[in-house]
Number of protein chains: 2
Amino acid sequence: MTQTRRDVHDVASERLRAIDQRYSTGRRKLVQILSSAVHPLVTTEITAAASDLPQSSVYRNLSVLEEAGVVVKVLTTGERSAFELAEDLKGHHHHLVCVDCGKVVDIDVPEDVERLLSDGVSPAIKDAGFTLIGHRLDLMGRCDQCSRSSRAANFSTTSVK
Amino acid sequence: MTQTRRDVHDVASERLRAIDQRYSTGRRKLVQILSSAVHPLVTTEITAAASDLPQSSVYRNLSVLEEAGVVVKVLTTGERSAFELAEDLKGHHHHLVCVDCGKVVDIDVPEDVERLLSDGVSPAIKDAGFTLIGHRLDLMGRCDQCSRSSRAANFSTTSVK
DNA sequence: ATGAGTGCAAAGGCTTTGCATTAGG
DNA sequence: CCTAATGCAAAGCCTTTGCACTCAT
């Protein structure tokens with residue numbers, strides 16, 4: 001499961017150094033917050049977790065950390081971007097996204113699914129002239145709360161295939 | 001590849017009616033544009049394709065069309081949202097995303113992958129208390145151009161017409 | 001006629017940037 | 001010391017909204 005490796009900070013420091021950036025206290029704090037999160041965080045959650053960090057610093061440092069390959073931007077539903085540690089720091093996983101409230105949960109999928117996602121899609125990308133790097137799988141669903149309140153206006157999201 | 005089915009407009013009209021909305025000329029135009037696109041479009045591309053539609057109308061109508069289940073918002077890379085026809089109108093498919101320039105191409109994946117994505121992930125979501133609705137698979141890679149230039153000089157989604 | 005839809009412009013909200021200050025190497 | 005990094009405030013940019021006008025029913 002998504003376990004924080006113990007040397008996240010070392011890796012972060014190393015990668016920042018590689019692009020001539022320092023591992024400042026603000027950046028360390030961001031990495032700390034993200035490494036203890038169990039799901040991607042939006043900037044408001046991050047500033048809430050580190051109320052002393054100004055928004056501009058949060059954005060600026062997340063950007064630097066992203067360039068360094070320490071964090072990645074995660075796209076969910078809604079407009080705001082969320083962040084989490086890079087895959088090799090956090091471990092490969094996928095997201096379960098609530099189509100109603102946008103809530104995101106980290107999950108693992110069975111090994112055979114992973115294997116097929118890595119090996120079984122090659123022909124599909126050949127024609128497009130792409131070089132495959134990885135995949136991003138989001139399972140879309142409705143969370144407990146949203147299922148219960150089952151608020152009106154559920155015309156959308158018809159079934160898949 | 002999955003293309004505009006015969007009566008997209010009929011379906012759109014029908015679904016709008018179901019939520020007490022009219023199928024106005026502006027909305028018809030949006031559906032027309034999206035149905036002829038080969039990849040999700042961001043609002044700038046849409047307004048470019050229909051220069052007479054004011055942005056406010058584009059946003060407002062896309063929102064209505066989304067509620068009606070005619071279009072869906074697609075999140076790729078970058079901040080801006082893109083739109084495409086709903087799955088049952090466009091056909092189930094996935095996206096091939098260039099990690100450098102953000103270019104998005106519609107693709108199909110092998111049947112066995114689809115099957116596994118629909119059936120093989122149930123245990124993973126049980127614990128989280130989610131009801132599965134569908135999945136979203138993005139294959140991340142590097143497109144021809146970006147592979148060649150090996151540089152991240154970007155701008156999103158290529159133009160359609 | 002009558003309310004939905006439209007268009008323009010202004011407002012909103014997240015994100016980025018300029019610039020002077022502070023801190024880490 | 002010297003440059004990177006920070007913090008505040010202002011600017012940017014995509015998106016939403018108010019309001020009067022137009023169109024379809």
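Below, chains carry the letters A, B, ... as their sequence lines are ordered, and counting in each starts from 1.
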Worksheet item: Does the gap between the ring centers of A/His93 and A/His39 come in under 6.0 Å?
Response: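 Not under 6.0 Å, so no.
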
Value in whole Å for how far the [atom2] atom of [N] lies from [atom1] of [X]:
X       : N      : atom1 : atom2 : answer
B/Glu66 : D/dT15 : CD    : C1'   : 13 Å
B/Leu41 : D/dC14 : CG    : P     : 16 Å
A/Leu53 : D/dT6  : CG    : P     : 8 Å
A/Tyr59 : C/dC14 : OH    : P     : 7 Å
A/Arg28 : D/dT6  : CZ    : P     : 13 Å

Worksheet entry | Under 3.5 Å donor-acceptor, A/Ser147 side chain and A/Cys143 backbone |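 At least one qualifying donor-acceptor pair exists.
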
Proximity to the side chain of [X] - top-ranked nucleotide from [options]:
X       : options                : result
A/Pro54 : D/dG7, D/dA4, D/dC14   : D/dG7
A/Gln55 : C/dT15, C/dT17, C/dG24 : C/dT15
A/Arg60 : D/dA5, C/dG7, C/dT17   : C/dT17
A/Arg22 : C/dG7, D/dC14, C/dG25  : C/dG25
B/Arg80 : C/dT16, D/dT15, C/dG7  : D/dT15
A/Ser56 : D/dA9, D/dC19, C/dA9   : D/dA9

Worksheet item: Are A/Val11 and A/Tyr23 grouped together when hydrophobic residues (ILVMFWY) are joined by side-chain heavy atoms under 4.5 angstrom apart?
Response: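 In one cluster with A/Val11: A/Tyr23, yes.
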
Worksheet entry | DNA chain D contacts among residues 12-21 of chain A, heavy-atom distance under 4.0 Å |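 The answer is A/Gln21.
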
Fill in: B/Thr25 vs B/Thr43, nearer the 5' end of DNA chain D by closest nucleotide
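Between the two, 5'-proximity favours B/Thr43.
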
Using a cut-off of less than 4.0 Å, is there contact between a side-chain N or O of [X] and OP1 or OP2 of [N]?
X       : N     : result
B/Ser57 : C/dG7 : yes
A/Arg27 : D/dA5 : yes
A/Asn61 : D/dT6 : yes
B/Ser24 : C/dT6 : yes

Worksheet item: Testing A/Gln32, A/His9, A/Gln21 for side-chain hydrogen bond (donor to acceptor under 3.5 Å, both in side chains) with A/Arg27, which one passes?
Response: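 Testing A/Arg27 for a side-chain hydrogen bond (donor to acceptor under 3.5 Å, both in side chains) against A/Gln32, A/His9, A/Gln21 leaves exactly one candidate, A/Gln21.
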
Item to complete: Please determine if B/Arg15 and B/Asp88 form a salt bridge, counting it only when a charged side-chain N lies under 4.0 Å from a carboxylate O.
Response: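 So B/Arg15 pairs with B/Asp88 through a salt bridge.
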
Discussion item. Run the ring pair (Phe, Tyr, Trp, His ring centres under 6.0 Å) test on B/His92 and B/His135 for me, step by step, so that the C-alpha distance in whole Å, both residues' side-chain angles and the decisive distance to 0.1 Å come before the verdict.
Written reply: CA-CA 10 Å; B/His92 180 67; B/His135 62 259; 5.0 Å; yes

Worksheet item: If you round to the nearest 0.5 Å, how far is CZ of A/Arg136 from CG of B/Leu139?
Response: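 Going from CG on B/Leu139 over to CZ on A/Arg136, the span is 10.0 Å.
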
